[in-house]
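Computed from a prediction, not measured in an experiment: that's the story for all the values here.
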Amino acid sequence: MKNSTNKTKNPGIFGLYFQSLGDYISKNYLFLILFVVGLFLISVLNFVKISTVQTIADFSLNDYEINQISDRTIIAKKDLPPDEMDPISIEKGEKIIKKGFPITEEGYAKLKKMSASPLYIDYRAFANAELFLLLLAIMWYLLYSFVPFNRKIYVREPLLQLIFFVITYVIVSFCGKFSVFSDSYSICIIIPSSLFVMLVTILYGNMAAVLLSFILSLGVLISSDCQVQTFIYTLATSLTSALIVRKIDRRLDLVFASITLAVFNCVFMLITHVIFNETFTDLPKLLGGVSANGFLSGILTLGLLTPLEILLNTASVFRLMELSDLNHPLMRKMLVQASGTYQHSLMVAQLSENACREIKANALLARVGAYYHDIGKIEQSEYFVENQKGENKHDDLNPSLSRSIIKSHVRKGVEKAHQLHLPQTVIDIIAEHHGNSVIAYFYNEAKEKDESLSPEDFSYAGNPPTTRESAVVMLADTVEAACRTLKSPSVPRLEAFITQLINGKIEHKQLDNCDLTFRDVSKIKEAFVQILAGYYHSRIEYPEQADESKEKAEKPEKEKSERAEAAEKALKKAEKAEREKAAKSEKSEKI
């Protein structure tokens, strides 16, 4: 009984391995399903490609010609009866060509019939391509798992890249069968890698685009039958596309980007011809084709971007710029109905943006997330302190009801964000900006009445921040709200107070799920102090203002002395009148 108990408590190495494997599968099952489905789809395309290529015994039909001395013996593995298109018949076991003997016209005709028959599929070529694609798929999956993107990866992103890969593979594999695109240079005219990389760069960032550039280039390598020239050209143009569009922030810039890419495509095609010692006979046609490819890639990116932004619900730079406009209807509604929350959100946005710039995070995303992080307060704005003017609504409520109202603004904010179809990354910031922290004020108030209450009863229902931008917005929200209560906010007091607030978030494990380092936290604190010190600093008085202040300070003293002199004169006058009155009365008595 004791042994069985120990076995239950200590599952052993294999038990721990399978437990870890189960946990990993449960967390990443969508990505694993996408991996398997994608590999199966590419395998089907690979089989169709191999079965439609004229190959025999692992070699292309182009390797043979009439009267050539054969370096191998090829034996028919299946019977091929004559038909209307080709009257030649082939019997199983028949030697089609013999090693060391010249290839006859009849032997070549039989080779041609075998290569055209679907019964003769080059399974070795298929297996080689499958192994290459399997390694490529594994590498792709591992890179997505371990490359630090510093953001959440949703299954929509690798799905989009898989679709782009499949389209590129189909175009290179099957359009290459046409004579006009049969060589390794002419096929470059129709490879859409630049278009796909530009879209991914704008939608998901430079890191994802660089990864896709290598994956697409390796896919082009295997689908073009290992043409190195095509691979090098595709890789060069793909990386250049990502570089050109990585910092644009206006849709009109894509027109200039397409012109720039057209020029670079021509340069890369010329360089590739020089490297591989190619003739320049067809170069003018190729330059015209690749320049058109580059220009159309930019124009099509401009046309496809908006539908993809809506369909994938991504936070592209263009969409974030549109949402950062303070004339957005929701921001105008917040200004009218919750002016205090509006001003608070603007300040949080400024703090978040500057802090994210310091730690090389997405400053634009943090600014937009800060603008919308408190949109759940609009409907019940009077219950939040920044919107109250004298009367506090919570004075008439019990702490539990107040807690419910305060907590609900996160849920309402997420619901409103979904209604507005805000990007998922912005919705995550709204949902995570309080994490699962405790609503301390109402918890302490309720604790005085009921000692049995636990902190979880008064905690927010969200998750701690999972991205650096979300964590920065949380810290900025806390710091901005708390520093409003700080009296005489000098720089040393701000530094000490902000450090205390950030350390509190760390102690309560609110920063455990994001990728912030201690160096990042230090830079964030410095950015906060710099902004808030400038916001709360005492203005320097100009000389005129100083004189006015001096006059205002001296005026009460002057008035005080004048009043004292007047009182003294009145007293002397009264004493004189008394003396005169006394003298008159004395004189009358004598008379």
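- When atom types are taken as modelled, the side chain of N293 and the backbone of I191 share a donor-acceptor pair closer than 3.5 angstrom.
- To the nearest 0.5 Å, the span separating CG on L221 from CZ on F132 amounts to 5.0 Å.
- Between V197 and S241 the shortest heavy-atom distance is CG1-CB, 4.3 Å.
- Atom OG of S223 sits about 10.0 Å away from atom CZ of F174, to the nearest 0.5 Å.
- Side chain of R319 to backbone of T314: a donor-acceptor contact under 3.5 angstrom is found.
- Within the 3.5 Å criterion, the main-chain N or O of I103 finds no donor-acceptor partner in the side chain of S70.
- Closest of all the heavy-atom pairs between I88 and A109 is CD1-CB, 3.3 Å.
- Other residues, nucleotides and ligands place more than 12 heavy atoms under 6.0 Å from the CZ atom of F280.
- Ring planes of H373 and H433: perpendicular class, angle over 60° (limits at 30 and 60°).
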Applying ring-ring contact (aromatic ring centres under 6.0 Å, His included), run through H328 and Y371 and close with a yes or a no.
CA-CA 11 Å; H328 189 281; Y371 281 159; over 10 Å; no
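- Across all non-hydrogen atoms, the minimal contact from P465 to Q510 is CD-O, 3.1 Å.
- Judged purely by atom type and a 3.5 angstrom limit, R468 uses its side chain to pair as donor or acceptor with the backbone of I359.
- Here the closest heavy-atom approach between residue A431 and residue V414 is recorded as CB-CG2, 3.7 Å.
- A distance-only check finds a donor-acceptor pair linking the side chain of D520 to the backbone of T517 [under 3.5 Å].
- Side-chain N or O atoms of E469 include one that pairs as donor or acceptor with a backbone N or O of N362 at under 3.5 Å.
- To the nearest 0.5 Å, atom CD of residue E415 and atom CD1 of residue I427 are 11.5 Å apart.
- Taking the six-membered ring where the residue is Trp, H273 and Y185 present tilted rings, their angle falling between 30° and 60°.
- Here I138 contributes atom CD1 and L133 contributes atom CG; the two are 11.0 Å apart, rounded to the nearest 0.5 Å.
- In this pair, F165 and Y169 present their aromatic rings parallel. The plane angle is below 30°, not in the 30 to 60° band.
- Between D225 and K49 there is a salt bridge, with a side-chain nitrogen of the basic residue lying less than 4.0 Å from a carboxylate oxygen of the acidic one.
- Looking only at distances, a side-chain donor or acceptor of S258 sits under 3.5 Å from a matching main-chain atom of V255.
- R156 places a side-chain N or O within 3.5 Å of a backbone atom of L312 that can act as its donor or acceptor partner.
- Judged by distance alone, the side chain of E432 and the main-chain N or O of A471 form no donor-acceptor pair under 3.5 Å.
- Across all their heavy atoms, L320 and A315 have their closest contact at CD1-O, 3.6 Å.
- Atom-to-atom distance recorded for D253:CG and F256:CZ is 7.0 Å, nearest 0.5 angstrom.
- Nearest heavy atoms, A209 versus T201: CB-OG1, 2.9 Å.
- For K285 and D282, the salt-bridge test fails: no basic side-chain N is under 4.0 Å from an acidic carboxylate O.
- Panel note: side chain S291, backbone L287; a donor-acceptor pair is recorded below 3.5 Å.
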